[in-house]
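By convention in this document, chain letters (A, B, ...) are assigned in the order of the sequence lines, proteins followed by strands, and residues within each chain are numbered from 1.
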Amino acid sequence: MGLFDKLAAWLGLKKEVNVLCLGLDNSGKTTIINRLKPSNAQVQDIVPTIGFSIEKFKTSSLSFTVFDMSGQGRYRNLWEHYYKEGQAIIFVIDSADKLRMVVAKEELDTLLNHPDIKHRRIPILFFANKMDVRDALSSVKVSQLLCLENIKDKPWHICATDALKGEGLQEGVDWLQDQIKTMRT
Amino acid sequence: MSSVDSSTDGGRWLDAHYDPVAGLYTFSSCVDLADLSGDGESRLVVGDLGSGSSGMKLKVYRGTALMSESTLLDLPAGLVAFFMDLHEPRIPAVAVASGPCIYVYKNLRPYFKFTLPSLEVNTLEQDVWQQVREGQIDPLTLKEMLEGIRKKADVPLSVRSLRFLSLEPDDMDEFVQLHKQQPIRRQTVITCIGTLKKSTADEDGVSCLVIGTESSDVFILDPEAFIILSKMRLPAAPTMMDVTGQFDVEFRITVACRNGNIYILRRESDKPKYCIELSSHPVGLVRVGKNVTVGCTDESLQGFTQKGKRLWKTVLAAPITTMAAMDLPTRGFQAVLVGLANCEVQLYRDKNLLSTIKTPDVVTSICFGRYGREDGTLIMTTKGGGLMVKILKRTATFDDRDSAPGPPLAQSVRLNVPKKTKLYVDQTLRERENGLAMHRAFQMDLSRLRLAAAKAYVKALESSLTPMSSSLTEPLKMNAVVQGLGPSFKLTLNVQNTAACRPVMNLAISFLYDESLYRMRNSYLRIPLLVPGLIYPFETFVECTSDKGISDIIKVFILHEGKSCPLLTAHINMPVSEGLMLN
Ligand SMILES: Nc1nc2c(ncn2[C@@H]2O[C@H](COP(=O)(O)OP(=O)(O)OP(=O)(O)O)[C@@H](O)[C@H]2O)c(=O)[nH]1
Ligand SMILES: [Mg+2]
């Protein structure tokens, strides 16, 4: 941690980071973001997102502004308008939805090939969510199906998560925080 | 992404799932998609025909996995999911038609069984069996009487009597003893099933069941009480149908029948309103908007208006195995999916082929709609029992290009035509005024030309001026070759006897030429016996005596000894003697 960061942390000033939260509808994006917010700001019932919503949460040294995008087919063309602003991407996958794994892969490939993303070393955090569901795919299987090993020019990481219990989320966010800090210094 | 080529699927579909050994044997009429749990995720409901005699099952798939299966008692003829009441949560019921019954499942548990009313029984037949019961007649007399009834009755015999008539005399007694006490019944079976919204067009509105039967009837059933609301008669047994509209307002039932016709039933009448007579039997019927697309056994696809007027026809590459509608209301897209026997599924919008999906096996059922959470899902089952799921890409588009051969684009480009001149206008006027006379003059000249040609031909034949002789006794053929630059030429005549087996004798060749121009060593050759089929070359030498660079014709005659009329004649156009000019 650089001197400035230490000072900023001490002062309670944190660096602002814009994160895009993407993934198919019903994958659990809103549930995950909700879990990461301070417990007094969490909401009880989560409904499908319309368009997108902006959420904020903090880690030990960073202040995240999350664009929680709707994953419904008719809103997915909104995603690309926020690619420029995003400094990191959280991509959520429903590990129990085997049928739509191809759709998730298709959207991921489109994202990775977008001119606003293609040549940037932007970190991507994958959440293989709903691992609590019986016969959900493992995170290894998910990364295989999405061909994550082909992503060579961007740092990426995949975690199996259960957003309902909050399991696996912290590991992912810690990785993201490290990535953003190494990028800056 | 723009579409690539209608002969491929152009990468428009994502392969979500393929299980070649799913063990699903079914047809499009027995497949439906419905949100059976009310959780926003559609399930695939299939009436599996099993082996055709056993293993009939009602199967439900969720995503890639089989979620439940229950045994069906009889072969399913059709399956539909429909809302039968207004209860919350809105969960549809499943109706399976098999034999004379409809089995209704709610929450995947058997809920109700509806049986078609039995048909009128022939009273004579009834009397005869009554007499049998009372012991008044023996089986042989029964057989005689039943046969008599069968011949002239307008009400057909019951299945029991027909079975009896097919028995050997030895088995008759036993059969009669076994069945005589039971009353006679005549039962029909369901051939097709559909749904019709009761009073609202809402997606989750309550629907009536519409069933077609082997007895050529169409029934509309009330969804709650399961009573027959309406009965309509057709001229033949229905095989497929499409239903649209609302029962209480206005509806239209389009039915393909076994007599090769399609009938259109409307609310106000119990008889067909329109009839489409097809040239071959229909195998698929899909409504697109207000029109219907019909697939026929003659490998054609035809479009009709709702009044039965034919709009178009297109020819397919292979026989049709199944057809289904592809309806994507969110994108306002409607088309028809056609499964072909050559392992292809083609997508048509009207007569235009939009794309072709190659499949590893022949597809026997197609269903397009919302499956799981994906609106554009294509589900197909194959002949070998496979299950295939494809998802339409979000970015996929289909070109509405008219693929039918028509005028090329360049035809509509305006040409830079020069202004009309005075001469042109005068000529046009003249042609317009004297059109009749000009035509007559032309016809007259044409006739003269034909007459002159015919005369010349006859003359040539009569004087044997041709190098072919078709006379029965001496059928001959000859051709001539001239070699050399001059002044000496070598003349080779190839003579052939074209008769099948008869040789020709006593022939000679004679030449006629301008003696001031040519000199010939011998202008008369004798021809030996000509064996049929062989080609005989005869050579002679010609010397050109002129140095003026002119040439002439040498005539060759083949003659029969003792006759002055030649058998055939050839004219040889001699080349100009170049050798002499060089000197
Ligand atoms: N079993 C299980 N259910 C989950 C998990 N995460 C989310 N869900 C459920 O999945 C459903 C969808 O969650 P959302 O957070 O609304 O999904 P989303 O990705 O935001 O969906 P859109 O806003 O439509 O794009 C909700 O019913 C959640 O309760 C998980 O880890 N396990
Ligand atoms: Mg959401």
Side-chain angles (χ1 to χ4, degrees), chain A residues 22-31 45-50 69-81 83 91-115 129-130 133-138 141-142 144-147 164, chain B residues 1-2 9-19 22 33 35 37-46 60-68 327-333 357 367-381 386-397:
Chain A
L22 309 173
L24 301 188
D25 49 303
N26 198 51
S27 54
K29 299 179 291 296
T30 310
T31 316
D45 37 53
I46 286 166
V47 292
T49 312
I50 306 291
M69 308 299 297
S70 169
Q72 287 173 51
R74 62 187 147 185
Y75 294 121
R76 272 179 228 156
N77 52 5
L78 287 181
W79 293 4
E80 60 182 17
H81 299 291
Y83 289 170
F91 198 95
V92 185
I93 301 115
D94 178 350
S95 328
D97 192 351
K98 288 174 214 162
L99 192 74
R100 291 208 298 165
M101 214 45 86
V102 275
V103 184
K105 176 174 185 334
E106 174 73 12
E107 295 298 350
L108 175 65
D109 291 346
T110 315
L111 162 78
L112 293 174
N113 283 316
H114 192 277
N129 195 30
K130 304 202 187 180
V133 177
R134 204 167 55 88
D135 61 47
L137 297 170
S138 68
K141 190 76 198 160
V142 170
Q144 247 171 34
L145 289 174
L146 298 186
C147 302
L164 294 185
Chain B
M1 185 201 69
S2 70
D9 72 1
R12 297 184 187 96
W13 299 92
L14 299 169
D15 293 311
H17 180 60
Y18 177 47
D19 179 0
L33 292 165
D35 181 2
S37 318
D39 58 1
E41 237 183 87
S42 283
R43 311 289 149 91
L44 172 68
V45 202
V46 184
V60 181
Y61 278 82
R62 177 180 185 219
T64 56
L66 180 63
M67 198 178 93
S68 94
D327 198 354
L328 254 183
T330 48
R331 295 197 215 163
F333 180 85
I357 301 168
C367 183
F368 182 89
R370 182 179 167 91
Y371 184 43
R373 301 188 156 268
E374 206 58 48
D375 283 329
T377 309
L378 173 61
I379 296 166
M380 300 177 277
T381 65
L387 171 66
M388 210 180 312
V389 183
K390 288 178 184 278
I391 295 176
L392 187 66
K393 279 190 193 172
R394 179 169 62 88
T395 49
T397 55

Closest non-hydrogen atom pair between A/Val102 and B/Leu14, with its separation
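Distance-wise, the nearest heavy atoms are O-CD1, 3.9 Å.
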
Between A/Ile46 and A/Thr31, what is the shortest heavy-atom contact and its length?
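Smallest interatomic distance, heavy atoms only, reads CD1-CA, 3.5 Å.
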
Residues in side-chain contact (heavy atoms from CB on, under 4.5 Å) contact with A/Ala104, at least two apart in sequence or another chain
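Applying side-chain contact (heavy atoms from CB on, under 4.5 Å) to A/Ala104 gives A/Leu24, A/Leu146.
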
Between chain A and chain B, identify every pair of one donor and one acceptor N or O atom lying under 3.5 Å apart.
| from | atom 1 | to | atom 2 | distance (Å) |
| --- | --- | --- | --- | --- |
| A/Arg100 | NH1 | B/Glu374 | OE1 | 3.1 |
| A/Glu107 | OE1 | B/Arg394 | NH2 | 2.8 |
| A/Glu107 | OE2 | B/Arg394 | NE | 2.7 |

Can you check whether B/Leu378 reaches B/Leu392 side chain to side chain, under 4.5 Å on heavy atoms?
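Heavy-atom side-chain distance check fails, nothing below 4.5 Å.
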
Can you find a pair of side-chain heavy atoms, one from A/Ile93 and one from A/Leu137, that are under 4.5 Å apart?
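The answer is no; the side chains never approach within 4.5 Å.
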
Starting from the C-alpha separation in whole Å, work towards a yes-or-no answer on side-chain contact (heavy atoms from CB on, under 4.5 Å) for B/Val389 and B/Leu44.
CA-CA 11 Å; B/Val389 183; B/Leu44 172 68; over 6 Å; no

